[in-house]
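Shown next, in structure tokens, is the structure this report addresses.
In the text below, chain A, chain B and the rest are named by the order of the sequence lines, each starting its count at 1.
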Number of protein chains: 2
Amino acid sequence: MSDIRDVARRAGVSVSTVSYAFSGKRPVSPGTYQRIMQAADELDYAPDAGARMLRAKRNQIVALSAPLRPGQNRASYADYFIEMASCEHDRGYDSLLLTAENGVEDIRRVTRSNLADGVVLMDLVDDDIRATQAASYGRPCVALGLPRQHTACACVDLDFDLMGRMAVEAMAEAGRKRLLFLEDLEGEYRRGSGFRLILLRSLKTWARRLGMDLQLEPGPTGSDLAYTQQVLDIIHHDRIDGLIGQIRPSLLDTVVVRMRSDGMNIPDDVAVLSCAAGKTSPTLELQGISEMPLTPRSLCAKAADLLTQAVEEGASLAGRVLLERPTLIDRASISRQKQEAA
Amino acid sequence: MSDIRDVARRAGVSVSTVSYAFSGKRPVSPGTYQRIMQAADELDYAPDAGARMLRAKRNQIVALSAPLRPGQNRASYADYFIEMASCEHDRGYDSLLLTAENGVEDIRRVTRSNLADGVVLMDLVDDDIRATQAASYGRPCVALGLPRQHTACACVDLDFDLMGRMAVEAMAEAGRKRLLFLEDLEGEYRRGSGFRLILLRSLKTWARRLGMDLQLEPGPTGSDLAYTQQVLDIIHHDRIDGLIGQIRPSLLDTVVVRMRSDGMNIPDDVAVLSCAAGKTSPTLELQGISEMPLTPRSLCAKAADLLTQAVEEGASLAGRVLLERPTLIDRASISRQKQEAA
DNA sequence: TTGTAAGCGTTATCAA
DNA sequence: TTGATAACGCTTACAA
């Protein structure tokens, strides 16, 4: 590969002019610029990342800490780091994917060696060590989630506490008394998945405050149909009149179809709301089920903006919290008259 | 941050000794080594990635080209690049996640700038430009898939051609005549997803050769139950006696449960085989359904080994093809007596 | 508008 | 076993 001097020679200019032509940090006359770019093209020149890093101390690389853990719902997980990488790319950054279960060590390695300009934490648990250790990275750090301790990093997330409240209040306004919450995969709660626990806690709190009954149904383990049957039994047996689901849309859809063929009316007999179902779902839309979707794209964009600012303008991220207000997409499955969207 | 000279000074040795102590490329006496490591520790020293890159021309970084495309089944996609990153990590490499839809440009950027030591291509389509352009990267490249043109890169994949043959032959041996293939999400075929098309073609070829009927059922678009009902209708109407599914396990499970409650016997009335269902599935195991699982972990490990070899020993990858033999996990859902595992 | 030259922090060669 | 030192390719302050 040719280097900057080959290009300079060929274009008949000095190396600094070539450097400035590429970085744009100094004006270069149009003619000179043209000659340089042509020479670079002919020589198939690209600036060496190592050399650039060594001098400039900025590499346009961020670390994406996405630890692999047993019991993870990978399908919904994937959305986040794909979107995150894509958002970073839009802002001129490449993403280093760190998947080691103990994230801290890897993050330290890539930040201390000046490989990564910033850090994004994904899949946070309530007592996430990666967040508590954020101060030691020496680089801006933003968490896609809301760990308990977050003094040294920024946090971006949906406001799951509010989501729980909104869900319960919507049910209350529709006159519901006996709620059933369909949990996501059991492993997720056991391992302490941050947002799932926040939502769950909020649901409990608000159900209690509003004097409603809240029953929990653990996520499906065996066959969809057996699960569905069990849910139907509970609805009948315990006279459930409000269903809030964090299960995957296709499964909630099955539950709904079976409810209807069992003669139940939605929302007259049972109100149904899908929570955190992974984007807005065509299947649920078809069934007319209201939902409060997750918004990976928008959250990742916000996180990326925050991080870029911190990296490029030195803005401090410590302790900043950005909670996005959940949206209730009302399809009249909670009460007949549409409620106001949040 | 302190640099190598600070460490050298503190340990009372020269910089080169410190360098060798870290790289291990030259023996260092135990006492010296100790002093150096302690000094490094006290100073919180870590070698600068940029400087190291500039000199050594190797960065322990690979590029993972994982383009985002509309119509992708992200759930199954995710498994691959998570595993890939994890395999690379095990071998001492970090992974750069490239998600731009036009992968070639990004790959060129990170290889020509000496950022990445090697390239892994994921989610290949039959006429994948990334593979045809592999020679222009100037770095070893391995594809996780089998694009038509692959003279400049290595290919690692399950042998989906053989998988199709094995599936059809298993059905033939069990005396089946009329097969139904349950396709994955429709979008995947339309966009030309490599392995799905190879499997489909192979199924068609072998069904024809063995004089069997093969009918195709497009992937589910609406509700699981509507889809299931439609499949049942077809089985009845067309007297299907062999079912091969590439749909997600939970959905095939639903189909199977409904078949049984409809009075069908598996395998006596209809033989059932799950193909490419994403690892081995607990749900299908419970139902006693045979499967030929995907093997992300093992494929990624092979790809990583190949790439590491090429990067570290200069082995050429051009044109190498590594096809893994599919495994038939026989749970007696094709014929009563177990068949020999492949 | 352009050029000169001093580093950046490592690695590796050569010498001791 | 260890040390001194010249690269590596680029960026940027300073000079013209």
Side-chain angles (χ1 to χ4, degrees), chain A residues 1-37 39-40 43-61 92 109-117 138 312, chain B residues 1-37 39-40 43-61 92 109-117 138 312:
Chain A
M1 262 291 266
S2 41
D3 67 13
I4 200 172
R5 285 178 307 206
D6 300 323
V7 178
R9 208 173 303 128
R10 184 164 192 127
V13 297
S14 72
V15 289
S16 61
T17 306
V18 176
S19 174
Y20 285 119
F22 271 90
S23 73
K25 293 192 180 172
R26 188 166 93 172
V28 172
S29 74
T32 312
Y33 184 83
Q34 281 253 319
R35 285 208 317 286
I36 291 175
M37 286 310 161
L43 294 171
D44 195 36
Y45 166 79
D48 180 88
R52 172 170 268 178
M53 253 156 108
L54 178 55
R55 282 303 318 223
K57 295 295 169 215
R58 267 249 306 287
N59 326 311
Q60 304 297 104
I61 293 179
R109 183 172 53 78
V110 299
T111 52
R112 296 198 330 162
S113 69
N114 295 319
L115 220 199
D117 299 330
E312 294 177 5
Chain B
M1 263 290 267
S2 41
D3 66 13
I4 200 173
R5 286 179 305 210
D6 299 325
V7 179
R9 209 173 303 128
R10 184 165 193 125
V13 297
S14 73
V15 288
S16 56
T17 306
V18 177
S19 174
Y20 285 118
F22 271 90
S23 73
K25 293 190 182 172
R26 187 165 94 173
V28 172
S29 74
T32 313
Y33 184 85
Q34 283 254 317
R35 285 208 318 287
I36 291 175
M37 287 309 160
L43 293 171
D44 195 35
Y45 165 80
D48 181 88
R52 174 169 264 180
M53 253 156 110
L54 178 56
R55 282 303 318 220
K57 295 297 169 213
R58 268 247 308 284
N59 327 310
Q60 305 297 102
I61 293 179
R109 183 172 53 78
V110 299
T111 52
R112 295 197 331 161
S113 69
N114 296 319
L115 220 199
D117 300 330
E312 294 177 6

[atom1] of [X] versus [atom2] of [N]: gap in Å, rounded?
X: B:Ile36; N: C:dT10; atom1: CD1; atom2: P; answer: 13 Å
X: B:Arg5; N: C:dG9; atom1: CZ; atom2: P; answer: 7 Å
X: B:Tyr33; N: D:dT2; atom1: OH; atom2: C1'; answer: 17 Å
X: A:Met53; N: D:dC8; atom1: CE; atom2: C1'; answer: 14 Å
X: B:Asp6; N: C:dT10; atom1: CG; atom2: C1'; answer: 14 Å
X: A:Arg112; N: C:dG9; atom1: CZ; atom2: P; answer: 15 Å
X: B:Arg58; N: C:dA12; atom1: CZ; atom2: P; answer: 10 Å
X: A:Gln34; N: C:dT1; atom1: CD; atom2: C1'; answer: 17 Å

Which value, rounded to the nearest 0.5 Å, describes the distance between [X] atom [atom1] and [Y] atom [atom2]?
X: B:Asn114; Y: B:Ile61; atom1: CG; atom2: CD1; result: 11.0 Å
X: B:Phe22; Y: B:Thr17; atom1: CZ; atom2: OG1; result: 12.5 Å
X: A:Met53; Y: B:Ser113; atom1: CE; atom2: OG; result: 10.0 Å
X: A:Arg52; Y: A:Ser23; atom1: CZ; atom2: OG; result: 7.5 Å

Check whether any side-chain nitrogen or oxygen of B:Ser14 sits under 4.0 Å from OP1 or OP2 of D:dT2, and answer yes or no.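 Checking D:dT2 against B:Ser14, no side-chain N or O comes under 4.0 Å of OP1 or OP2.
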Under 4.0 Å from OP1 or OP2 of C:dT2: is there any side-chain N or O of A:Thr32 that close?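 Answer yes for this pair, as a side-chain N or O of A:Thr32 is under 4.0 Å from OP1 or OP2.
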By nearest nucleotide on DNA chain D, pick out whichever of B:Val28 and B:Lys57 is the more 5' one.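 The answer here is B:Val28.
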Of B:Val13 and A:Leu54, whose closest DNA chain D nucleotide lies nearer the 5' terminus?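 The residue mapped nearer the 5' terminus is B:Val13.
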Compare all side-chain heavy atoms of [X] with those of [Y] and state whether any distance is below 4.5 angstrom.
X: A:Arg58; Y: A:Glu312; value: yes
X: A:Val28; Y: A:Val13; value: no
X: B:Tyr33; Y: B:Tyr20; value: no
X: B:Leu43; Y: B:Arg10; value: yes

Distance-only donor-acceptor check, side chains B:Ser19 and B:Ser16, under 3.5 Å: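 The answer is no; no qualifying pair exists.
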Per B:Ala56 side chain, nearest of listed nucleotides C:dC8, C:dT10, C:dT11: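 Minimum distance to the B:Ala56 side chain belongs to C:dT11.
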Neighbours of DNA chain D within residues 18-25 of chain B, by heavy-atom distance under 4.0 Å: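 Contacts with DNA chain D under 4.0 Å: none.
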Backbone N or O of A:Leu115 within a donor-acceptor pair of the A:Asn59 side chain at under 3.5 Å?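 Yes; judged by distance alone, with no hydrogens or angles, the pair exists.
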When you measure from the side chain of B:Asp3 to the backbone N and O of B:Asp6, does any donor-acceptor pair fall under 3.5 Å?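 Side chain of B:Asp3 to backbone of B:Asp6: a pair is present.
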Tell me if the side-chain of B:Arg26 makes a donor-acceptor pair with the base of D:dG3, cut-off 3.5 Å, by modelled atom types.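 Per atom types, the contact qualifies.
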Per the salt bridge (Lys or Arg N to Asp or Glu O under 4.0 Å) rule, which among A:Arg55, A:Lys57, A:Arg112 passes with B:Asp48?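 The single option meeting the salt bridge (Lys or Arg N to Asp or Glu O under 4.0 Å) with B:Asp48 is A:Lys57.
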Every protein N/O within reach of nucleotides 5-7 of chain D N/O, cut-off under 3.5 Å:
unit_1, atom_1, unit_2, atom_2, d
D:dA7, N3, B:Arg55, NH1, 2.1

List in numerical order all residues of residues 43-52 of chain B for which some heavy atom is under 4.0 Å away from an atom belonging to DNA chain C.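 Per residue number, the list reads B:Tyr45, B:Ala46, B:Pro47, B:Asp48, B:Ala51, B:Arg52.
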